[in-house]
Protein chains: 2
Amino acid sequence: MSDLVTRLRRHQWRMTPQRRVIAETLDGAHVHYTADEILERACERMPELSRATVYNTLNELVALGEVLELNFDGRSKRYDPNVDHEHHHLICDGCGATKDVHTVADPLDWLPGDERHGFAVAKASITFRGRCPECREAR
Amino acid sequence: MSDLVTRLRRHQWRMTPQRRVIAETLDGAHVHYTADEILERACERMPELSRATVYNTLNELVALGEVLELNFDGRSKRYDPNVDHEHHHLICDGCGATKDVHTVADPLDWLPGDERHGFAVAKASITFRGRCPECREAR
DNA sequence: ATCCTAGCTTAGACTTCGTCTAATGAAAGA
DNA sequence: TCTTTCATTAGACGAAGTCTAAGCTAGGAT
Ligand SMILES: [Mn+2]
Ligand SMILES: [Mn+2]
Ligand SMILES: [Zn+2]
Ligand SMILES: [Zn+2]
């Protein structure tokens with residue numbers, strides 16, 4: 001998500017200060033924030049920013065394909081600005097820590113034709129689960 | 001999840017009529033119901049069954065490993081009684097239809113050691129996405 | 001068979017996460 | 001600068017799930 005202002009203009013987006021702050025909060029962060037975490041961080045620069053605008057903007061960024069929406073635990077959604085490099089996620093069952101990971105092959109290749117039920121299959125994402133070093137230690 | 005009463009007794013579960021009805025509602029259903037769908041169906045046999053008991057029972061079944069908790073869309077969780085046969089899921093982006101699918105290899109084998117961040121990686125689940133035959137037709 | 005008690009069930013309040021509404025504000029082209 | 005169209009906002013609302021506290025009951029003990 002670098003040079004996001006350029007990309008957003010390309011999408012014919014009206015550039016507002018709010019959208020700029022939200023997008024820059026995501027930009028470069030190799031993390032997976034919740035909407036409320038993004039609001040909190042963005043509010044450090046623009047205290048009057050509203051929750052509704054954060055949700056609106058995130059949903060638009062997802063629709064434009066500039067951000068990925070993740071949902072590991074059935075609780076709050078998380079937003080991933082790392083959309084350029086295909087990757088998957090590894091999550092700690094103990095503490096919820098999340099890492100980006102890369103597989104040695106494309107998982108789409110592992111789904112045989114007779115398992116596709118006539119679908120046009122477009123993508124595959126893998127969630128790996130386990131225990132991080134700290135949580136292994138702590139039983 | 002066949003012969004679930006036997007299994008539940010093995011887990012030292014107190015067998016109540018409510019738990020029996022809920023478990024039998026899941027049993028044999030090769031689908032992925034939401035908690036409310038399970039409540040609705042179970043209520044056909046036991047109209048006074050409460051929502052809280054459905055949630056309690058499902059959470060316990062998940063903790064016991066008798067049912068899988070799925071969360072595809074960030075909305076309501078779904079419950080999968082097909083816990084015996086390792087499988088993955090294929091979801092239609094158009095209508096939300098969900099299919100069980102099987103891959104030709106174990107995805108754990110495709111995560112190299114240097115991508116594991118010191119985690120003890122225990123399992124991997126793949127979500128395939130695409131469009132079902134009906135939704136392909138309809139653009 | 002009956003008693004006892006730990007654990008189960010229940011209604012409804014509550015929490016969390018997210019969407020919607022309708023009034024106000026402002027970006028950007030003319 | 002003017003105008004139009006779209007964005008922002010506070011707060012109400014909704015959906016999904018958890019919690020509480022009071023009553024009930026499964027199943028072991030007697
Ligand atoms: Mn990521
Ligand atoms: Mn399944
Ligand atoms: Zn951990
Ligand atoms: Zn479909």
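The figures that follow rest on heavy atoms only: side chains count, while hydrogens, waters and symmetry mates do not. Protein chains get the first letters and strands the later ones, always in sequence-line order, with residue 1 at the start of each.
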Starting from the 5' end of DNA chain D, give me the residue, Glu60(A) or Met15(B), whose nearest nucleotide shows up first. Glu60(A)
Calculate the interatomic distance between [X] atom [atom1] and [N] atom [atom2]; express it in whole Å.
X: Leu8(A); N: dC6(D); atom1: CG; atom2: P; result: 17 Å
X: Glu69(B); N: dA16(D); atom1: CD; atom2: C1'; result: 12 Å
X: Gln12(A); N: dT4(D); atom1: CD; atom2: P; result: 21 Å
X: His11(A); N: dA27(C); atom1: NE2; atom2: P; result: 21 Å
X: Met46(B); N: dT9(C); atom1: CE; atom2: P; result: 9 Å
X: Leu58(A); N: dA7(D); atom1: CG; atom2: P; result: 15 Å
X: Leu49(A); N: dT9(D); atom1: CG; atom2: C1'; result: 10 Å
X: Asp36(A); N: dT15(C); atom1: CG; atom2: C1'; result: 13 Å

Between Thr34(A) and Asn56(B), whichever has its closest DNA chain C nucleotide further toward 5' is Asn56(B)
Under-4.0 Å salt bridge between Arg19(A) and Asp27(A): no
Between Arg129(A) and Asp93(A), does any NZ, NE, NH1 or NH2 come within less than 4.0 Å of an OD or OE carboxylate oxygen? yes
Apply side chain to side chain donor-acceptor pair (under 3.5 Å) to the pair His89(B) and Asp100(B), showing each step before the final yes or no. CA-CA 5 Å; His89(B) 294 97; Asp100(B) 282 3; 3.2 Å; yes
Any idea which of [options] is nearest the [X] side chain?
X: Arg19(B); options: dA11(C), dT9(C), dG18(C); value: dT9(C)
X: Glu48(B); options: dT10(C), dG18(C), dT8(D); value: dT10(C)
X: Arg51(B); options: dT9(C), dC17(C), dG17(D); value: dG17(D)
X: Ser50(A); options: dT9(D), dG17(D), dG18(C); value: dT9(D)
X: Gln18(B); options: dT9(C), dC17(C), dT9(D); value: dT9(C)
X: Ala52(A); options: dT9(C), dA28(C), dA10(D); value: dA10(D)
X: Thr16(B); options: dC8(C), dT8(D), dT10(C); value: dC8(C)

Residues Gly130(A) and Phe119(B): closest non-hydrogen pair is C-CD2, 4.4 Å
Nearest heavy-atom approach of Glu115(A) to Leu90(B) is O-CD2, 4.2 Å
Report whether Val121(B) and Phe72(A) are members of the same hydrophobic cluster (ILVMFWY, side-chain heavy atoms less than 4.5 Å apart, transitive linking). no
Does the side chain of [X] get closer than 4.0 angstrom to OP1 or OP2 of [N] through an N or O atom?
X: Tyr55(B); N: dG17(D); value: yes
X: Asn59(B); N: dT18(D); value: yes
X: Arg9(B); N: dG27(D); value: yes

Provide a list of protein-nucleic acid N or O atom pairs under 3.5 angstrom, restricted to nucleotides 23-25 of chain D.
none

For residues 38-48 of chain B, please give each side-chain donor-acceptor pair under 3.5 Å, one per line with the distance, not counting sequence neighbours.
unit_1: Arg41(B); atom_1: NH1; unit_2: Tyr33(B); atom_2: OH; d: 3.3
unit_1: Arg45(B); atom_1: NH1; unit_2: Glu24(B); atom_2: OE1; d: 3.3
unit_1: Arg45(B); atom_1: NH2; unit_2: Glu24(B); atom_2: OE1; d: 3.0

Using a 4.0 Å heavy-atom cut-off across all strands, classify Thr53(A) as base, sugar-phosphate, or nothing. base
What I'd like to find out is whether the side chain of Glu69(B) reaches to under 4.5 Å of the side chain of Tyr79(B), using heavy atoms alone. yes
